[in-house]
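Quick notes on the structure that follows.
Atoms within each ligand, like the ligands themselves, are counted from 1 in listed order.
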Amino acid sequence: MKYIFITGGVVSSLGKGLACASLGALLEHRGLKVIAQKFDPYLNVDPGTMSPYQHGEVYVLDDGAETDLDLGHYERFTNSKLSRLNSLSSGQVFESVIKKERKGDYLGATVQYIPHVTDEIKSRLYEVTEKMSADVLLTEIGGTVGDIEGHIFLEALRQFSLEVSPENTCFIHVTLLPFIRAAGEMKTKPTQQSVAKLREIGIVPDIIVCRTEVEIEETERQKIAMFCNVAAKNVVSFRDVKTTIYECPLDLREDKLDRLVCEALGLETPTPDLSDWEDFVRRIIHPKAHVRIGVVGKYIGLQDAYKSIYEAFTHAGAHHECRVEVVRLDAAEIEKEGAEKHLHGLHGVLIPGGFGERGIEGKVLTAAYAREHRIPFLGICLGMQVASIEFARNACGLTGANSTEFENKPKHAVISLLEEQEQVIDLGASMRLGAYDTRIAPNTLASQLYGKETITERHRHRYEFNGAYRKQLEAEGLVISGTGPDTGLVEIIEIPNLPFFIAVQYHPEFLSKPNRPHPLFAGFVAAAMEAAEKSPAAVPGS
Ligand code: GLN
């Protein structure tokens with residue numbers, strides 16, 4: 001296996017994750033089998049317990065690992081199926097070292113950062129090498145070079161590179177080239193200093209990827225090359241993308257990042273044919289239709305809180321050559337001001353996953369408005385629970401229906417905990433997590449969309465549709481179109497005789513990909529397009 005390590009310098013939020021995912025896509029197009037993974041130096045065991053304000057979305061893998069949203073980029077941009085082995089944090093490293101120490105595994109040694117912690121980090125690289133087959137393993141290191149907590153990871157990589165031989169490793173450092181407008185100058189000093197910091201640790205980058213607003217002039221390129229000890233051609237520019245993040249691989253290809261990496265690693269591969277990717281990007285950039293879809297959530301101001309959902313809309317929109325304009329709506333505002341003001345004129349409404357009581361009644365109002373006004377509706381996880389509560393209250397007359405998440409003993413606990421969840425005390429990794437099967441009932445919207453009897457989707461939730469209310473809701477027209485074959489749990493609900501009303505207990509957004517839109521999102525966008533055709537005036541400017 002060949003190893004690529006991606007570090008970041010100068011500032012965070014440089015798009016290191018996107019650079020890593022884009023490089024993965026380029027290498028795959030060269031015929032290589034690729035795995036991308038992330039090492040995060042923070043002390044949480046995983047991001048599952050972090051607030052979306054801290055961390056954005058928690059991305060869930062098939063095996064139930066709760067991971068950084070960058071793993072979402074890796075899975076979307078490449079064909080790799082990742083597992084919990086591909087996400088390592090300092091929390092996991094120390095948890096394991098301390099457990100070993102308590103068991104006496106270190107045979108009386110003083111347990112130290114070097115070699116015990118570095119060995120633990122390296123052991124993950126060896127484990128992935130052994131258990132997952134690939135030609136290239138890309139590892140992104142979270143944080144910025146110079147952070148105290150990241151230091152030990154870099155030391156481990158330095159050791160690892162020597163152990164597997166430097167010809168088999170390629171270090172890529174992603175930095176920022178700030179442009180000082182007043183002086184009209186691009187500044188290379190922060191990059192020089194951050195590379196110097198890496199070299200202090202003993203790592204000399206092979207390639208420097210520079211995030212930049214403007215083109216890098218040849219003189220600047222030479223300067224970076226000289227100060228940072230790399231060839232000028234190995235200074236790659238990573239421009240701010242214009243329309244979509246899916247342009248990133250095309251941008252990085254212009255400076256031949258994939259070729260430089262292959263050269264550094266001694267890999268002989270053909271020039272990649274990216275026409276499928278180019279076609280996908282063209283469909284995003286030049287849409288022929290336009291819909292406006294409301295996403296009614298709690299963390300609506302945050303760019304990253306519903307990342308995979310926004311990406312799934314991009315994939316479905318590209319499929320239909322339709323621009324999906326996401327209108328982000330705060331559920332708490334809808335609760336205060338009513339649904340009409342915020343939802344009128346939208347071509348579709350989505351309620352995403354979420355936790356906690358704030359804004360719940362706004363979401364119930366949203367589901368009611370969509371049902372009554374025949375607006376295409378997709379509910380995801382909490383969105384499905386809310387749609388069930390709304391239907392119970394307003395279609396079945398079960399006043400006081402609620403989830404036990406929001407009310408201790410509601411009159412009708414339509415959503416409640418399974419007995420096994422009632423015993424759970426720890427918050428971390430204790431939900432129903434990861435891939436579970438769903439059996440789909442024939443002649444339903446779900447079966448029409450999926451075209452399959454059994455599907456597998458990823459879960460992340462604690463509460464469930466309470467089976468005791470199933471008959472009552474069905475009697476009023478709710479269709480339970482998907483259930484767990486082993487668990488009997490309700491996975492999909494829909495309301496027939498509406499243009500499109502479906503809600504799912506799982507997270508379909510985690511499985512949507514470029515050129516392979518998720519069937520629920522593809523169907524939802526198609527329904528929104530039909531709604532837009534009927535009320536084109538609702539689209540500003542069209
Ligand atoms: N809070 C709900 C639960 O725990 C929904 C979770 C979610 O939407 N991811 O079941």
Would Arg432 and Glu491 pass as an ion pair if we require N to O under 4.0 Å? yes
Atom pairs, nitrogen or oxygen, ligand 1 to protein, under 3.5 angstrom:
from	atom 1	to	atom 2	distance (Å)
ligand 1	1 (N)	Gly354	O	2.9
ligand 1	1 (N)	Glu405	OE1	2.7
ligand 1	1 (N)	Glu405	OE2	3.1
ligand 1	4 (O)	Arg462	N	3.0
ligand 1	8 (O)	Gly354	N	2.8
ligand 1	8 (O)	Gly354	O	3.4
ligand 1	8 (O)	Leu382	N	3.0
ligand 1	9 (N)	Arg460	O	2.8
ligand 1	9 (N)	His507	NE2	3.3
ligand 1	10 (O)	Gln385	NE2	3.0
ligand 1	10 (O)	Arg462	N	3.0
ligand 1	10 (O)	Tyr463	N	2.8

All pairs passing salt bridge (charged side-chain N to carboxylate O under 4.0 Å, His left out) where residues 445-458 contributes a residue, at least two apart: Asp62-Arg458, Glu75-Arg458
Lys/Arg-Asp/Glu bridge criterion (N-O < 4.0 Å) met for Glu333, Lys341: no
Sorted by chain and residue number, the ring-ring contact (aromatic ring centres under 6.0 Å, His included) partners of Tyr369 (sequence neighbours excluded) come out as His373
Does the pair Arg393/Glu361 count as a salt bridge with the N-to-O cut at 4.0 Å? yes
Scan the side chains in residues 12-19 for donor-acceptor partners under 3.5 Å anywhere in the protein, sequence neighbours excluded, and list what turns up.
from	atom 1	to	atom 2	distance (Å)
Lys16	NZ	Ile141	O	2.6
Lys16	NZ	Gly143	O	3.0

